[in-house]
Amino acid sequence: MTKNFPPLIIALDGPAASGKSTLGRSLADALGYLFFDTGVMYRAITWIALQHDMDLRDEMVITGLAQNAQIDIRPPSKDDGRACDVVIGDKDVTWDMRDGSVDANVSIISAYAGVRTALSEQQRRIGLRGKVVMVGRDIGTVVLPEADLKIYLDASAEERAKRRYHEIIARGDQADYDEILKKVIERDHIDSTRAVAPLRAADDALVIDSDKISAEQVLTQVIALCK
Ligand code: CDP
């Protein structure tokens with residue numbers, strides 16, 4: 001398959017809190033591309049299900065929800081660190097869907113085949129327009145296997161938990177490092193062992209371990225590959 005250079009479709013995958021969103025956002029800004037964080041879609045479905053006390057173990061019900069939910073992703077209306085507004089009905093859920101209850105449950109619903117089909121079809125349609133940096137777990141393997149550049153951003157669980165801890169504290173919320181570490185490990189385990197579209201690096205992905213290099217260094221390295 002011929003790949004475009006400079007890359008028009010960039011897939012960025014990796015485990016929880018590996019810095020994908022930070023890198024994806026800066027990269028999209030630098031290239032003038034659309035930044036699309038697919039995790040917000042799985043989070044939004046989980047948030048709605050929790051709000052309505054739906055049974056998360058009921059695959060049929062949750063799949064129906066994913067097929068019909070109207071999740072609106074808009075340009076950011078506030079300068080509070082958000083990459084976009086996520087709106088459900090008339091409620092801005094941008095930060096609500098990042099809370100602990102969503103973190104703890106999102107991997108359950110994202111393992112469902114029907115949920116994945118419904119959401120990945122929408123992601124693929126947007127991605128194929130090009131000039132996009134799409135971030136997730138299965139972008140390079142399933143959603144956009146034809147991506148021109150695939151990056152798999154990794155880091156140790158401890159480093160990732162530390163980053164997530166500082167993110168939460170910076171927002172002014174309370175955080176417990178050990179609890180975050182436990183949840184990160186649990187979520188990665190479910191994401192990487194699920195039957196459908198498990199988290200893994202595509203064979204043709206460039207794997208970057210961000211444990212010992214700064215976010216700026218990772219960005220410089222990736223931009224060099226794009227220009
Ligand atoms: O920001 P963080 O890395 O913690 O997570 P996220 O990217 O917002 O994704 C939340 C969850 O959605 C993941 O743990 C996966 O279970 C699911 N997800 C997925 O299955 N496939 C994607 N393409 C994106 C997210």
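All ligand and atom numbering here is 1-based and tracks the order in the structure.
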Under the salt bridge (Lys or Arg N to Asp or Glu O under 4.0 Å) rule, what do R125 and E121 come out as? Steps first, then yes or no, please. CA-CA 6 Å; R125 188 172 39 78; E121 274 172 7; over 6 Å; no
Minimum heavy-atom distance [X]-[Y], with the two atoms named:
{"X": "Y152", "Y": "P15", "result": "OH-CD, 3.8 Å"}
{"X": "L56", "Y": "I108", "result": "O-CG2, 3.9 Å"}
{"X": "L181", "Y": "A157", "result": "CD1-O, 3.5 Å"}

Tell me the protein heavy atom at minimum distance from [atom], and give that distance in Å.
{"atom": "atom 15 (C) of ligand 1", "value": "D191 OD2, 3.3 Å"}
{"atom": "atom 8 (O) of ligand 1", "value": "R43 NE, 2.6 Å"}
{"atom": "atom 1 (O) of ligand 1", "value": "R164 NH2, 3.3 Å"}
{"atom": "atom 18 (N) of ligand 1", "value": "Y42 CD1, 3.6 Å"}
{"atom": "atom 20 (O) of ligand 1", "value": "R116 NH1, 2.7 Å"}
{"atom": "atom 10 (C) of ligand 1", "value": "R187 NH1, 3.5 Å"}

What verdict does the salt bridge (Lys or Arg N to Asp or Glu O under 4.0 Å) test give for R43 and D103, after you've listed the backbone C-alpha separation in whole Å, the side-chain angles of each residue and the deciding distance to 0.1 Å? CA-CA 8 Å; R43 286 179 178 274; D103 271 5; 2.8 Å; yes
Which ligand 1 atoms are under 4.0 Å away from a heavy-atom of [X]?
{"X": "K20", "result": "3 (O)"}
{"X": "S110", "result": "15 (C), 16 (O), 17 (C), 20 (O)"}
{"X": "A17", "result": "2 (P), 3 (O), 4 (O)"}
{"X": "T38", "result": "22 (C), 23 (N), 24 (C)"}

One residue to check: [X]. Relative to ligand 1, which of side chain, backbone, both or neither has a non-hydrogen atom less than 4.0 Å away?
{"X": "R137", "result": "both"}
{"X": "R160", "result": "neither"}
{"X": "M41", "result": "neither"}

Look at atom 23 (N) of ligand 1 and find which of D188, I190, D138, I108 reaches it with the closest heavy atom.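 Going through D188, I190, D138, I108 one by one, D138 has the nearest heavy atom to atom 23 (N) of ligand 1.
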Nearest-option assignment for atom 25 (C) of ligand 1, heavy atoms, candidates S120, A197, G39, G19: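 Comparing heavy atoms across S120, A197, G39, G19, the nearest one to atom 25 (C) of ligand 1 lies in G39.
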Residues 83-94 side chain polar contacts: donor-acceptor under 3.5 Å, at least two apart:
from: D85; atom 1: OD1; to: S77; atom 2: N; distance (Å): 3.0
from: D85; atom 1: OD1; to: S77; atom 2: OG; distance (Å): 3.4
from: D85; atom 1: OD1; to: R82; atom 2: NH1; distance (Å): 2.9
from: D85; atom 1: OD2; to: S77; atom 2: N; distance (Å): 3.4
from: D85; atom 1: OD2; to: S77; atom 2: OG; distance (Å): 2.6
from: K91; atom 1: NZ; to: D96; atom 2: OD2; distance (Å): 3.1
from: D92; atom 1: OD1; to: T94; atom 2: N; distance (Å): 3.0
from: D92; atom 1: OD1; to: T94; atom 2: OG1; distance (Å): 2.5
from: D92; atom 1: OD2; to: R82; atom 2: NH1; distance (Å): 2.8
from: T94; atom 1: OG1; to: R82; atom 2: NH1; distance (Å): 3.3
from: T94; atom 1: OG1; to: V86; atom 2: N; distance (Å): 3.0

State whether the shortest distance between N or O atoms of S21 and N or O atoms of ligand 1 falls below 3.5 angstrom.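 No - when backbone and side-chain N and O of S21 are compared with those of ligand 1, no distance drops under 3.5 Å.
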S107 near ligand 1, heavy-atom distance under 4.0 Å?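 It does; at least one heavy atom falls under 4.0 Å.
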Taking a cutoff of less than 4.0 Å between a non-hydrogen atom of the residue and any ligand atom, is Q123 in contact with ligand 1?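 Distance cut 4.0 Å: Q123 fails for ligand 1.
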Classify the side-chain pair S107/R137 by whether it contains a donor and acceptor separated by less than 3.5 Å.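 Judged by distance alone, the side chains do not pair up.
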Among side-chain atoms of S156 and E159, is any donor-acceptor pair under 3.5 angstrom?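 Note: S156 and E159 side chains miss the donor-acceptor criterion.
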Intermediate values then yes/no, side-chain hydrogen bond (donor to acceptor under 3.5 Å, both in side chains), R116 and Y42: CA-CA 9 Å; R116 300 207 70 83; Y42 294 92; 3.2 Å; yes
Under the side-chain hydrogen bond (donor to acceptor under 3.5 Å, both in side chains) definition, can you give me all pairs with a residue in residues 47-60, not counting sequence neighbours?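 Checked against side-chain hydrogen bond (donor to acceptor under 3.5 Å, both in side chains) - neighbours excluded - no pair reaches residues 47-60.
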Hey, is E167 close enough to R163 for a salt bridge, meaning N to O under 4.0 Å?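 Looking at R163 together with E167, the answer is no, because their closest N to O distance does not fall below 4.0 Å.
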